[in-house]
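A short worksheet on the structure shown next.
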Amino acid sequence: MSILQTIKSRFATALEPLTDDVGPLLDMIRSSQDAKFGDFQANCAMSLSKQLGKPPRDIATDIVAMLDVSDFCEPPEIAGPGFINLKLKDAWICERADAIAGDDRLGVEPVAEPKHVVVDFSSPNVAKPMHVGHLRSSVIGDAICRTLKFAGHKVTSDNHIGDWGTQFGMIIYGYRNFVNEAAYAEDAVGELARLYKLVNQLSDYHAAKTKLPVLQQKATQLQAELQQSTADADPADKKANRKLKSQQKGVKDTLDAIKSAEEKIAELDTDAERLALANAHPDIAKLARLETSKLHAGDADNQQLWSQFLPACLTALDRVYQQLNVEFDLTLGESYYNPMLADVVSSLKDKDLARDSDGAVCVFVEGHNAPFIVQKTDGAYTYATTDLATIQYRVNELKADEILYVVDKRQSEHFNLLFQTCERWGFQNLKCQHVSFGTVMGPDGKPFKTRSGDNVGLESLIDEAISRAGQIVAENDDNKPGGPVLSAAQRAEVAEIVGVGGIKYADLHHSRDSDYEFQWEKMLATTGDTATYMQYAFARICGIFREVGVERRSLTESAGNLMLTCPEERALALQLIQFDQAIEGVLNDYRPHVMTSWLFETANKFSSFYGNPNCSVKNASSEEIKASRLILCDLMARALKTGLSLLGIETAEVM
RNA sequence: GCCCCGAUAGCUCAACUGGAUAGAGCAGCCGCCUUCUAAGCGGCAGGUUGCAGGUUCGAUCCCUGCUCGGGGUACCA
């Protein structure tokens, strides 16, 4: 039983005479925010006050009188309005720490009722280069999978790739008309990416050409209206003010659209060769769409091209996943579900969930204005249909108990509709959750867009991170007191571990809901609250063992004599025996940043320990204390390594 | 128009879902390498939590109104 559970069970006994429902009160027991208040605090007395009609401090006194924790706590203290503060006995902390000292799971018991969880994450569109926006889903999803597995659940990670969308029509069109055979033979994916970009650019050019006059006219009109409203404006009239604001925004949006269209036109007008291409393919957008429809309808030539392109695209994705050390149990893309879509629609119709509306087949969900469209007017299916088919497959074939979707929060309405439709469709026992995350913003404060050209590519980000880490590794190694200790191969290995770990950590340590601003320096930082800090702490512990001449592994058998001789040791041990709370915190609402915080705090406490000469391991005042500190260090190393590994971040023994 | 979400230190973000004096990291300033890796440690400074009310023992968190910003809103995925 974990420490918190132990404390809660004692409180349950003490609280029972006072109230019928102890559950919510037990949730008010937590570790203290500030060490000076002790180790744990219970805030239940205050909330009972009203219910019992007594002053909270009196209630706290009553609770303490009933509370029996003397076997592992100092006498409880009542403070402030009625907080009950607990301080663990040192001997008890040692006992707990000794108990997990030889344990690779650090005291975390596997869950009593394992579930089968399918985690749907990453899900890039193939044949388009991945950019930093794709990082979040991959990294968060991977961390969740690892943590669920560690906790004892059965996990299936599934990369629901976009391998059936409109981009294939564009590539097919590009391949037929613009392919450079030599380049394709040399680097198929690079050439396909070029073709995608080219077709996109030419389509955008024509679209911009047609849109521009319309936009200009609209802008003139809106500006005139705005001028009129400004002239009429009554500053006291709130409604008018609001209208004015919205008009101003309308003008600004239109002007932005004009600017963007002009840029797209200018891009080609300065490039005679491209311009000629554009003029030779005036209907390129329509024709590319047609290729997609033909593909979906089973056209043999297009299907042949599709199956020729796909493996190359998957290889390109694999390269990135390999660098990121992210693995999938399944990669079932949208195309896999294509044969099931017609049945999904007819099943929805049979159950009276879906009906025709304006020529499309829709499911209407209460509370939502927009319908869930499962088949378009032209007969094509949508991603809504695919998602339903996917759920059906995951429940019927994979026997999933729960599905997690690690997807951008902007799609929350889609998932709302999906989950509600799904429940009415007959999957009442399935638990679905949209594990949403915020948008990665550009330096301009606007989201990275999937279609615009100049996003920071994921591969170049990773390469840059490794190369910068390499410089830092070399610099630090060169400056070591006794001279460099790393071989060239070791330096390269450490650079990769530090570089990739840094990128992942930079993403994971944000609360997943919030948007965050992408900054090169932050992604590549190696000081402060970064993966490097933890990795460095780990390497320093390994250094202690090297220095003292003891194998870490040899300690796992001889554990059992931990002593707390200074405050730093106590703080460290107390932190380490609460690893299970970090795991629980992550899985409670799938928030990996709970783990990053725990790791940072832990490493922080270690660094204080390490930096204090009174806590020296090598020069400990007795052999017993030295042995005790070695046990603590080993526990620390194991905690850091395990915690980081659950985030998909590696460690190095020397750096 | 309707529906969501956000606003916290100069910057980037936390705050265990209503708890004690709102915390970190960067950036800035001051100390610490003949002693286990200075990618570090110790310290200083930095705040009317967007604004105005309300709810209660207690509010960054819940309610109302306002200001600013973002997202979504019938056939893109």
Side-chain angles (χ1 to χ4, degrees), chain A residues 27-28 30-34 37 41 43 46-47 49-50 55-56 79-83 85 123 125 162 164-167 238 245-246 334 357-362 367-378 380 382-384 386 409-414 416 438-439 441 445-447 450 469 472-473 475-477 479-482 485 498 509-511 513-517 519 521-522 525-530 532-533 535-537 539-548 581 585 588-589 591 593-594 597 600-601 604 607-608 610-613 615-619 629 633 654-655:
Chain A
D27 287 337
M28 295 178 183
R30 53 191 56 161
S31 40
S32 295
Q33 286 189 336
D34 195 323
F37 297 129
Q41 60 178 32
N43 308 336
M46 284 87 80
S47 81
S49 167
K50 197 169 195 176
F83 293 101
N85 291 331
S123 318
N125 284 322
W164 201 239
T166 43
Q167 80 271 28
K238 271 185 195 160
K245 275 270 158 58
S246 112
E334 292 169 337
S357 170
D358 291 345
V361 183
C362 303
H368 293 267
N369 290 326
F372 201 48
I373 298 176
V374 292
Q375 190 170 20
K376 299 191 287 183
T377 315
D378 63 4
T382 69
Y383 75 131
T386 313
K409 71 177 174 188
R410 285 175 293 186
Q411 296 195 38
S412 62
E413 191 164 13
H414 165 74
N416 241 315
T439 314
M441 311 297 262
K446 287 183 188 161
T450 40
I472 293 167
V473 170
E475 195 181 307
N476 282 287
D477 195 34
N479 287 334
K480 276 176 191 156
V485 299
V498 169
H509 93 281
H510 294 98
S511 168
D513 292 302
S514 43
D515 298 343
Y516 77 85
E517 191 177 317
Q519 288 176 355
E521 317 84 64
K522 296 230 185 290
T526 53
T527 60
D529 184 5
T530 60
T532 315
Y533 183 70
Q535 291 166 324
Y536 187 60
R540 296 218 282 190
I541 299 171
C542 296
I544 293 176
F545 281 90
R546 277 192 301 275
E547 192 71 24
V548 174
Q581 278 191 59
N588 176 39
D589 195 26
R591 297 187 176 279
H593 89 285
V594 174
S597 313
F600 184 59
E601 264 174 50
N604 219 324
S607 297
S608 300
Y610 184 90
N612 186 340
C615 300
S616 172
V617 178
K618 193 167 73 173
N619 301 320
R629 287 182 181 162
C633 284
V654 195
M655 58 188 275

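Protein chains get the first letters and strands the later ones, always in sequence-line order, with residue 1 at the start of each.
- B:C62 and B:G6 have their P atoms separated by 8 Å, with the value rounded to a whole Å.
- The same atom, C1', is picked in B:C5 and in B:C61; the two are 15 Å apart, to the nearest Å.
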query = Does the side-chain contact (heavy atoms from CB on, under 4.5 Å) test come out yes or no for A:Val498 and A:Thr526, once each step is laid out?
reply = CA-CA 8 Å; A:Val498 169; A:Thr526 53; 4.0 Å; yes

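- B:A24 has no base stacking with the ring of A:Phe600 when judged by centroids under 5.5 angstrom apart and an interplanar angle below 30°.
- The base of B:A39 does not come close enough to the side chain of A:Asp477 for any donor and acceptor atom to sit less than 3.5 Å apart.
- For B:G25, the paired base is B:C11 (Watson-Crick or G-U wobble, both distances below 3.5 Å).
- Using C1' as the reference atom, B:U21 and B:U49 are 15 Å apart when rounded to the nearest Å.
- With rounding to whole Å, A:Tyr516 atom OH is found 19 Å from B:C26 atom P.
- Taking 4.0 angstrom as the limit, A:Tyr533 places a side-chain polar atom (N or O) nearer than this to OP1 or OP2 of B:C41.
- Here A:Tyr536 does not count as stacked on B:U37, because the ring centres are not under 5.5 angstrom apart with planes under 30°.
- When both distances must be under 3.5 Å, the Watson-Crick or G-U wobble mate of B:G40 is B:C32.
- You'll find the side chain of A:Thr532 reaches within 4.5 Å of the side chain of A:Met655, heavy atoms only.
- Here the separation of B:U56 from B:C51, taken at their C1' atoms, is 23 Å to the nearest Å.
- The phosphate of B:G42 (OP1 or OP2) has a side-chain N or O of A:Ser608 nearer than 4.0 angstrom.
- Residue A:Arg410 places none of its side-chain N or O atoms closer than 4.0 Å to OP1 or OP2 of B:U73.
- Residues A:Thr530 and A:His509 have side chains not in contact (no heavy-atom distance under 4.5 Å, counting atoms from C-beta outward).
- One cannot find a donor-acceptor pair under 3.5 Å joining the base of B:A39 and the side-chain atoms of A:Thr530.
- The base of B:A20 lies close enough to the side chain of A:Gln41 for a donor and an acceptor atom to sit less than 3.5 Å apart.
- For the pair A:Phe37 and B:A20, the ring geometry qualifies as stacking, because the centroid separation is below 5.5 Å while the planes lie within an angle under 30°.
- In terms of phosphate contacts, A:Ser49 brings no side-chain nitrogen or oxygen within less than 4.0 Å of OP1 or OP2 of B:C57.
- Using cut-offs of 30° and 60° for the angle between ring planes, the A:Phe600 and A:Tyr533 rings count as tilted.
- Here the shortest heavy-atom pairing between A:Val548 and A:Val617 reads CG2-CG1, 4.4 Å.
- As a whole-Å value, the separation of A:Ile541 CD1 from B:G40 P is 15 Å.
- For the C1' atoms, the distance from B:A9 to B:G72 is 33 Å, rounded to whole Å.
- B:G1 is paired with B:U73 under the criterion used here, namely a Watson-Crick or G-U wobble arrangement in which both key atom distances are under 3.5 Å.
- Between A:His510 and A:Tyr516, the ring planes are parallel. Angles under 30° get that label, and only those over 60° would be called perpendicular.
- Regarding contacts with the backbone of B:A15, a side-chain N or O of A:His593 is found under 4.0 angstrom from either OP1 or OP2.
- B:G25 and B:G42 have their P atoms separated by 9 Å, given to the nearest Å.
- Pairing for B:G53 goes to B:C63, judged as Watson-Crick or G-U wobble with the two contacts each under 3.5 Å.
- The side chain of A:Asn476 contributes an N or O atom lying less than 4.0 Å from OP1 or OP2 of B:A39.
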